[in-house]
Structure formats: structure tokens, C-alpha cells
S.K.: 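Pasting in a structure now, in C-alpha cells, and then I'll have a few things to ask.
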Amino acid sequence: MKIAFVGKGGSGKTTLSSLFIRHLAAEGAPVVAVDADINQHLGAALGLDESEAAALPAMGEHLRLIKDHLRGSNPRIASADTMIKTTPPGEGSRLLRVQEGNPVYDACARPVELDGGTVRLMVTGPFTDADLGVACYHSKTGAVELCLNHLVDGPGEYVVVDMTAGSDSFASGMFTRFDMTFLVAEPTRKGVSVYRQYKDHARDFGVALRVVGNKVQGPDDLDFLRAEVGDDLLVTVGHSDWVRAMEKGRPPRFAALEESNRLALRTLREAADATYERRDWERYTRQMVHFHLKNAQSWGNKRTGADLAAQVDPGFVLGESVTAGA
């Protein structure tokens, strides 16, 4: 299952995504965790110290390798130079699986040991001084979108992405790449404003969206969220001494997390798992092609000097039964 955590800056989405990743690992589930936020904090939230987090390889720095691998023997892609972030797979493309070994994971993923098991962590990389004035952060997340376009995951497998804050997620088609999107909202007007934006933008794309109320301190906070987001409110999370200790760099064992918060995490997993029966690979592939053609026309053709519409394989539908190209 492909799962995104979104929300305004400071909402607690990174903390909640890290708790969810820990919960999955404690349950023995295979997990690929991706930090796609401009502020790279997921590694620290998963227990890495500052030097370990800084040493994680940036996906953007290995974009050529990613393109070379995913291109495979696809005859519609003349070279890796003509691949852009939205390039869809076709006959001959190499696909990514959650539990396999491949050159992309070798270069970009690092194992992180948690209480219950090990997860693969991938990061886009921070915004650097070299990027100032010459690049936008969405160029960093392009590697994530390209990988998601070529990813095939099955039931009981999880890819959890900590997305960039606010409505910046809509600067690309990546917001349609997930089975479930959890929007973390505080019980404030600013907290629910991102929810309204996300709901409006996602309405026409069949995005499964549920709200996780965070920093909820009492009945008044709960009533506010219910009034603002209605049935989209899935669960709420309150104060956590475990999280406070984790933020100080001294987390106890995950089994010591408060029972109310453990129950909330189980509810998130149940909601994500329930989307598997509603998967529509044809719609998923169609949306992938839709955003690729938009990007090709607006900037991709000019940048690459190629007709990127020709990369679309009209007979190809991504799915669990598809065999990766050689």
C-alpha cells in the first residue's frame, strides 16, 4: 500500500508518519519509508542521530542511475536523458518491488533498525545553497515521483511518504500516486485550511483522503474538527509522553507508547489496508499518463528536445501481474 502523510508545516505529519512506520515495523510488515519534505526530519524521527541523517544518500543525486534502471529495454524511451519525473512505464520497463533488491535501493535506500524490525529509508535530500535562485524543491521530489510511477506493491507491503508541507504537493501529479492520504490537522482554522485545499484539488482524481486530528486536548477540539472536516475525520491523537521523549532523543521502547495512540495507529493501518480492495490499476495508469502529457507539453518536450507523448505505451497497464523488463 502506498501511503502519504500531508499537512501544514508544524502539524505533526512527520511525527505521525514516523509513528506509523514504527507501528508497521513492530507488526513485521515490510516498509519503504520516503522523506519527500523540504525539511528533512523523518530520519531523526526514526531515531537517527544528526550525522547519520546527514549521511543518507539523496535520491536526486542518483537520478541518472534511477532513470537508467527504470528505462530497462523500453523501446519507447530513446535514452535516460529523455526521461522526466512523470515518464510512465511501458513494455520493457523495469519495475520496483517493495521487498526486492535492486540498484535503486542499493544507491538510495539505507536500512534503519527499529524496535520491531528494519525499514528501508530513502530521502530526497535537503535544499542546498547551490539550489538557491536556480531550482525549486519540486525538482528534488521528481525522483520520488518517477519511482512511484514504476512501483508495484501488494497487500501487506507499505511505502510511506512524508510529503512536503501545505498544498505544495499539488505542484506535480504525485498526490495521485497513493492508495491512502492521511492529512494531519490541528484543531485550528489554519490547521484545517490545508484540508480544504487538498479536498478541493483532489476531488476530481479519486484520492482517498482521511484526516488525522493531532494535538487534540479535549472535547472542544474534537467538536471543532468534526464540524470542519465531517466524516473525513478518521482518528485523533493527543499528548504523548513517548513522543516528547523521542523528540528529546531518548525514546523508550515502542511498546511503551500509550495505548490510545497505539489504537490510533492500528486504525490508520486498517483504513489503509481497506483501500486494497478498491484498487483500480487502470485509473492509476491513466492518471499517470494524464500528468505526463501535461508536463510534456508545458516544459518536458522543450527541455529534452523530444516528443515525450511518444513514451506512452497505450497497451500497458501497471499492476501486480506485470513482469519487469530485462
S.K.: Indicate the atoms forming the closest heavy-atom contact of N214 with G12, along with that distance.
M.R.: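 In terms of heavy atoms, the two residues are closest at ND2-CA, 3.7 Å.
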S.K.: Going by heavy atoms in the side chains, are T87 and I77 under 4.5 Å from each other?
M.R.: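 Heavy-atom side-chain distance check passes, below 4.5 Å.
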S.K.: Kindly determine whether V289 and R286 satisfy side chain to side chain contact (heavy atoms under 4.5 Å, CB included), including the steps that lead there.
M.R.: CA-CA 5 Å; V289 170; R286 187 168 60 250; 5.9 Å; no
S.K.: When you compare the side chain of D179 with that of Y276, does any pair of heavy atoms fall below 4.5 Å?
M.R.: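 No, their side chains stay 4.5 Å or more apart.
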S.K.: Quiz question: by atom type and distance under 3.5 Å, do the side chains of T118 and E113 form a donor-acceptor pair?
M.R.: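 Checked: T118/E113 side chains pair up, N/O donor to acceptor below 3.5 Å.
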S.K.: For E50, does the CD atom sit with more than 12 other heavy atoms under 6.0 Å from it, leaving out its own atoms?
M.R.: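 At most 12 heavy atoms, drawn from other residues, nucleotides or ligands, come within 6.0 Å of this atom.
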S.K.: P89 and M288: which non-hydrogen atoms are nearest, and at how many Å?
M.R.: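 The pair with the smallest heavy-atom distance is CD-SD, 3.3 Å.
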S.K.: Within a 6.0 Å radius of atom CD on E52, are there more than 12 heavy atoms belonging to other residues, nucleotides or ligands?
M.R.: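 Counting other residues, nucleotides and ligands, CD of E52 exceeds 12 neighbours.
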S.K.: Could you measure the distance from the CG atom of D232 to the CZ atom of R226? Nearest 0.5 Å is fine.
M.R.: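 Spacing of CG (D232) from CZ (R226) equals 14.0 Å.
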S.K.: How far apart are the C-alpha atoms of V161 and F178, what are their side-chain angles, what is the distance that settles it, and do they pass the side chain to side chain contact (heavy atoms under 4.5 Å, CB included) test?
M.R.: CA-CA 9 Å; V161 182; F178 302 99; 3.6 Å; yes
S.K.: Looking at Y284, I'd like to know if the NZ or CZ of R177 sits under 6.0 Å from its six-membered ring centre while staying within 45 degrees of the ring's axis.
M.R.: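 The answer is yes; both the distance and angle limits are met.
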S.K.: Check step by step if side chain to side chain donor-acceptor pair (under 3.5 Å) holds for E186 and S11.
M.R.: CA-CA 6 Å; E186 300 168 88; S11 65; 5.6 Å; no
S.K.: Quick one: do D37 and K13 make a salt bridge, cutoff under 4.0 Å?
M.R.: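 Here D37 pairs with K13 in a salt bridge, since their nearest N and O are under 4.0 Å apart.
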S.K.: Return the orientation label for the F182 and F20 ring planes: parallel under 30°, perpendicular over 60°, tilted otherwise.
M.R.: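 Ring orientation, 0 to 90° scale: perpendicular.
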S.K.: Should the heavy atoms of other residues, nucleotides or ligands under 6.0 Å from CG of D231 be counted, would the total exceed 12?
M.R.: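 Not buried by this count: 12 neighbours or fewer within 6.0 Å.
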S.K.: What distance do L209 atom CG and M180 atom CE have between them, rounded to the nearest 0.5 Å?
M.R.: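 Going from the CG atom of L209 to the CE atom of M180 covers 8.5 Å.
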S.K.: Backbone N or O of F254 within a donor-acceptor pair of the R22 side chain at under 3.5 Å?
M.R.: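 Pair absent, no side-chain N/O of R22 close to backbone of F254.
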S.K.: Does D200 come within less than 4.0 Å of R203, counting only side-chain N to carboxylate O?
M.R.: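 Result for this pair is yes, salt bridge flagged.
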S.K.: Which atoms form the tightest heavy-atom contact between I66 and A143, and what is the distance?
M.R.: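 Taking every non-hydrogen atom into account, CD1-CB, 4.1 Å.
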S.K.: Just by distance, do the side chain of R283 and the backbone of F205 share a donor-acceptor pair under 3.5 Å?
M.R.: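 Yes: the side chain of R283 pairs with the backbone of F205.
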S.K.: Given the rule in the side chain to side chain contact (heavy atoms under 4.5 Å, CB included) test, do F291 and T176 qualify, once you have shown the distances and angles that lead to the verdict?
M.R.: CA-CA 10 Å; F291 283 104; T176 65; 3.8 Å; yes
S.K.: Do L183 and K199 make a side-chain contact, defined as non-hydrogen atoms from C-beta onward lying under 4.5 Å apart?
M.R.: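 SC-SC contact between L183 and K199 ruled out.
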S.K.: Looking at V144, is its backbone amide N or carbonyl O close enough to the side chain of T141 to form a donor-acceptor pair, meaning the two atoms are under 3.5 Å apart?
M.R.: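 No, T141 side chain to V144 backbone: no donor-acceptor pair under 3.5 Å.
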S.K.: Kindly give the heavy-atom pair with the smallest separation between S17 and L42, and that separation in Å.
M.R.: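 Taking S17 first and L42 second, the nearest heavy atoms are OG-CD1, 3.8 Å.
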S.K.: Measure across L308 and A296 and return the closest heavy-atom pair with its distance rounded to 0.1 Å.
M.R.: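 So the two residues come closest at CB-CB, 3.7 Å.
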S.K.: List the atom of T86, the atom of H292, and the distance in Å for their closest heavy-atom pair.
M.R.: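 Taking every non-hydrogen atom into account, OG1-ND1, 2.9 Å.
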S.K.: Assess the residue pair Y195 and E228 against the criterion (side chain to side chain contact (heavy atoms under 4.5 Å, CB included)); give the C-alpha distance rounded to whole Å, side-chain angles, the decisive distance to 0.1 Å, and a yes or no.
M.R.: CA-CA 9 Å; Y195 159 76; E228 294 295 326; over 6 Å; no
S.K.: Okay, side chain of E277, backbone of A274: is any donor-acceptor separation there less than 3.5 Å?
M.R.: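 The answer is no, because no donor-acceptor pair under 3.5 Å joins these two groups.
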S.K.: Can you tell me how far apart OG1 (T181) and CD1 (I3) are? Round to the nearest 0.5 Å.
M.R.: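 Taking OG1 in T181 and CD1 in I3, the distance rounds to 9.5 Å.
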S.K.: Looking at L318, is its backbone amide N or carbonyl O close enough to the side chain of T285 to form a donor-acceptor pair, meaning the two atoms are under 3.5 Å apart?
M.R.: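 Looks like yes, one N/O pair under 3.5 Å.
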S.K.: Count the heavy atoms belonging to other residues, nucleotides or ligands that lie under 6.0 Å from CD of E282, then report whether that count exceeds 12.
M.R.: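 Not more than 12 within 6.0 Å, no.
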S.K.: To the nearest 0.5 Å, what is the distance between OG on S240 and CE on M246?
M.R.: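 One gets 8.0 Å once the value is rounded to the nearest 0.5 Å.
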S.K.: Tell me, which pairs form a side-chain hydrogen bond (donor to acceptor under 3.5 Å, both in side chains) where one or both residues lie in residues 142-161, sequence neighbours left out?
M.R.: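 Output for this query lists K2-D153, Q99-E157, E145-S172, D153-R279, Y158-R269, Y158-D273.
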S.K.: Taking the side chain as every heavy atom from C-beta outward, state whether V159 and V98 have any pair of such atoms under 4.5 Å apart.
M.R.: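 Counting from C-beta outward, V159 and V98 do come under 4.5 Å.
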S.K.: Does W242 offer a backbone N or O that forms a donor-acceptor pair with the side chain of E258 under 3.5 Å?
M.R.: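 Flag set: sc E258 to bb W242 pair under 3.5 Å.
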S.K.: Start with the C-alpha gap between D81 and R64, add the side-chain angles, then the distance that decides, and say whether salt bridge (charged side-chain N to carboxylate O under 4.0 Å, His left out) holds.
M.R.: CA-CA 8 Å; D81 292 331; R64 180 64 187 227; 2.6 Å; yes
S.K.: Look only at the side chain of E61 and the backbone of A58, and say whether a donor-acceptor pair between them is shorter than 3.5 Å.
M.R.: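 A pair under 3.5 Å: no.
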S.K.: Under 3.5 Å, is there a donor-acceptor pair linking the side chains of E91 and S73?
M.R.: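 No, S73 and E91 have no side-chain donor paired with an acceptor closer than 3.5 Å.
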S.K.: So, taking the atom named SG in C147 and the one named CE in M59, what distance separates them when rounded to the nearest 0.5 Å?
M.R.: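 Between C147 SG and M59 CE, I get 4.0 Å after rounding to 0.5 Å.
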S.K.: At what distance, to the nearest 0.5 angstrom, does CG of D241 lie from CZ of R244?
M.R.: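 One gets 8.0 Å once the value is rounded to the nearest 0.5 Å.
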S.K.: Does R110 offer a backbone N or O that forms a donor-acceptor pair with the side chain of R120 under 3.5 Å?
M.R.: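 Between the backbone of R110 and the side chain of R120 there is no qualifying donor-acceptor contact (under 3.5 Å).
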